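Okay, so here's the structure we're looking at.
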Amino acid sequence: MNVAPQDHADERERQQRWFAQLCDDLHRKHSADTDGHVATYIPELATVDPDRFAIAAVTLDGTRVAVGDVEQTFTIQSISKLLAYGLALEVHGRDRVLERVGVAPTGDRFNAIVLDDATNRAPNPMVNAGAIAIADLLSGPGVDDPVESMRAMYERYLGRRPEIDPDVWASERETGNRNRAIAYLMLSRGIIGPDVESTLDLYFAQCSVLVDVVDLATIGAIIANHGVHPVTGAQVVAREVTRDLLTIALTCGMYNYAGEWAYSVGIPAKSGVGGGIVGMLPGAGGLAAFSPRLDPIGNSVRGLRVFEELSAEFEMHLFDPDRPWHRTP
Ligand code: GLU
């Protein structure tokens with residue numbers, strides 16, 4: 001059956017209005033949720049306003065929906081691990097990265113002091129061990145100023161050089177002894193080089209970058225769009241790398257909730273203890289939520305609920321046979 005282009009445009013507009021309405025409704029509904037607790041592992045994170053809440057989406061044609069505290073900035077935390085992994089793959093290539101960091105999800109907490117003994121690697125790039133091994137690669141010989149290189153990478157995604165929250169960065173540095181333990185274990189196994197403090201400094205800096213919810217949705221849209229910025233058309237991250245990023249996000253992105261998440265929500269995603277979650281929907285765009293109260297695993301409580309409900313309502317699960325953008329018109 002032939003469908004007139006005007007009918008497609010009308011249908012798309014109707015879907016977009018429905019989506020925006022649902023984001024509004026979900027924001028109103030879940031503003032009342034007070035389950036969970038803000039992260040307290042460093043004192044600075046415990047001072048954030050727990051009631052802040054925002055939802056955003058950026059589609060592949062650049063349309064943007066944003067609801068709630070859309071200008072509130074927060075630290076990106078673990079979501080940085082995905083971007084840093086992309087940069088390492090671009091700079092060092094898959095083989096070199098795979099020598100140090102595997103791709104297997106773990107059932108352990110993100111900060112577990114666990115390595116893959118059989119292969120002498122960090123288990124995957126989304127747990128702290130893997131992210132620190134990636135930071136070591138990115139701060140290796142030949143990189144004059146790793147923190148500036150990392151900020152330049154962010155600039156490609158965000159369109160601005162990001163600020164690093166100085167208090168969170170300092171606090172991560174002062175109290176990050178568990179990460180130090182992971183790093184020294186990896187040094188003892190020859191997985192990372194000897195400059196442990198500068199590697200950790202880069203890792204803490206990348207976690208302390210300030211973003212807002214629209215930044216996260218934009219990052220999601222870029223990765224979902226195989227590296228092309230939906231508004232500027234710039235190639236932000238290499239096309240071949242985005243397949244690996246989407247795969248790792250689906251299998252390891254939501255801490256040790258990743259299996260349940262893949263099953264119920266089915267969107268490649270990454271969360272951080274700052275309260276952000278970014279989802280990447282190939283063929284559609286990026287989706288993000290921000291709310292600082294976390295469940296015991298470390299995922300934003302309201303964020304999980306918003307993603308669950310949006311995924312169900314719009315058949316966003318990657319393997320949903322009725323996923324709208326699977327159907328040919
Ligand atoms: N900076 C945090 C840490 O290394 C990141 C935690 C997270 O967002 O999961 O512990």
Side-chain angles (χ1 to χ4, degrees), residues 36-48 73-85 101 105-115 122-136 138-139 147 150 154 162 164-186 192 196-211 213 215-216 219 248-249 252-258 261 269-279 288-301 303-304:
H37 301 281
V38 302
T40 50
Y41 74 96
I42 53 172
E44 266 58 37
L45 286 182
T47 63
V48 303
T73 57
F74 50 92
T75 53
I76 192 165
Q77 296 294 346
S78 259
I79 298 168
S80 68
K81 293 170 178 171
L82 195 63
L83 308 190
Y85 185 53
V101 183
T106 72
D108 299 315
R109 282 187 67 74
F110 64 95
N111 58 2
I113 307 181
V114 178
L115 300 175
N124 70 62
M126 300 297 108
V127 292
N128 288 9
I132 294 167
I134 294 296
D136 182 63
L138 293 176
S139 56
V147 173
M150 183 271 299
Y154 273 108
I164 297 175
D165 184 317
D167 298 330
V168 173
W169 190 9
S171 194
E172 296 267 9
R173 216 188 266 129
E174 277 155 30
T175 61
N177 289 329
R178 192 175 176 93
N179 286 321
R180 228 161 245 122
I182 294 170
Y184 278 101
L185 179 64
M186 290 197 291
I192 65 171
V196 171
E197 281 308 321
S198 75
T199 293
L200 286 171
D201 208 43
L202 175 61
Y203 172 65
F204 295 143
Q206 74 178 52
C207 288
S208 307
V209 159
L210 288 165
V211 288
V213 75
D215 291 332
L216 287 189
I219 290 170
I248 286 291
C252 310
M254 298 298 287
Y255 303 120
N256 38 332
Y257 188 67
W261 173 272
K270 182 72 200 94
S271 71
V273 295
I277 301 180
V278 57
F290 160 62
S291 169
R293 286 199 191 86
L294 310 177
D295 67 9
I297 289 180
N299 292 314
S300 166
V301 174
L304 286 186

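For ligands, and for the atoms within them, numbers begin at 1 and follow the listed sequence. All values reported here derive from a predicted model rather than from experimental measurement. Below, all heavy atoms of this structure are taken into account, side chains as well, without hydrogens, waters or symmetry copies.
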Answer yes or no on whether Lys81 is positioned over the face of Tyr203, meaning its NZ or CZ is under 6.0 Å from the six-membered ring centre and within 45° of the axis. no

Tell me, do Leu45 and Thr40 make a side-chain contact under 4.5 Å, heavy atoms counted? no

Under 3.5 Å: donor-acceptor pair, side chain of Ser80, backbone of Ile76: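 Pair absent, no side-chain N/O of Ser80 close to backbone of Ile76.
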
Could you work out, for [atom], the closest of [options] by heavy-atom distance?
atom: atom 3 (C) of ligand 1; options: Tyr203, Trp169, Tyr255; value: Tyr203
atom: atom 7 (C) of ligand 1; options: Ser78, Ala39, Ser171, Gly176; value: Ser78
atom: atom 1 (N) of ligand 1; options: Lys270, Gln206, Gln77; value: Gln77

With distance as the sole criterion, is a donor-acceptor pair present between the side chains of [X] and [Y] under 3.5 Å?
X: Asn299; Y: Ser271; result: yes
X: Asn111; Y: Tyr41; result: no
X: Gln206; Y: Gln77; result: no

Of all the heavy atoms in Asn179, does at least one lie under 4.0 Å from an atom in ligand 1? yes

Check each heavy atom of Arg178 against ligand 1 and say whether those closer than 4.0 Å belong to the side chain, the backbone, both or neither.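 The answer is neither.
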
Heavy-atom contacts under 4.0 Å between Phe204 and ligand 1: side chain, backbone, both, or neither?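 For Phe204, there is no contact with ligand 1 at all, from either part.
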
To which protein heavy atom is atom 2 (C) of ligand 1 closest, and what is the distance rounded to 0.1 Å? Tyr41 OH, 3.0 Å

[X]: numbered ligand 1 atoms lying under 4.0 Å from its heavy atoms:
X: Asn128; result: 3 (C), 4 (O), 10 (O)
X: Val273; result: 6 (C), 7 (C), 8 (O), 9 (O)
X: Gly272; result: 8 (O)
X: Cys207; result: 1 (N)

Ion pair present between Arg173 and Glu197, side-chain N to carboxylate O less than 4.0 angstrom?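 Salt bridge absent between Arg173 and Glu197.
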
Name the one of Leu185, Asn179, Val101, Val127 that satisfies side chain to side chain contact (heavy atoms under 4.5 Å, CB included) with Ile132?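 Of Leu185, Asn179, Val101, Val127, side chain to side chain contact (heavy atoms under 4.5 Å, CB included) with Ile132 is met by Asn179 alone.
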
Check: Ser271 N/O within less than 3.5 Å of ligand 1 N/O: no

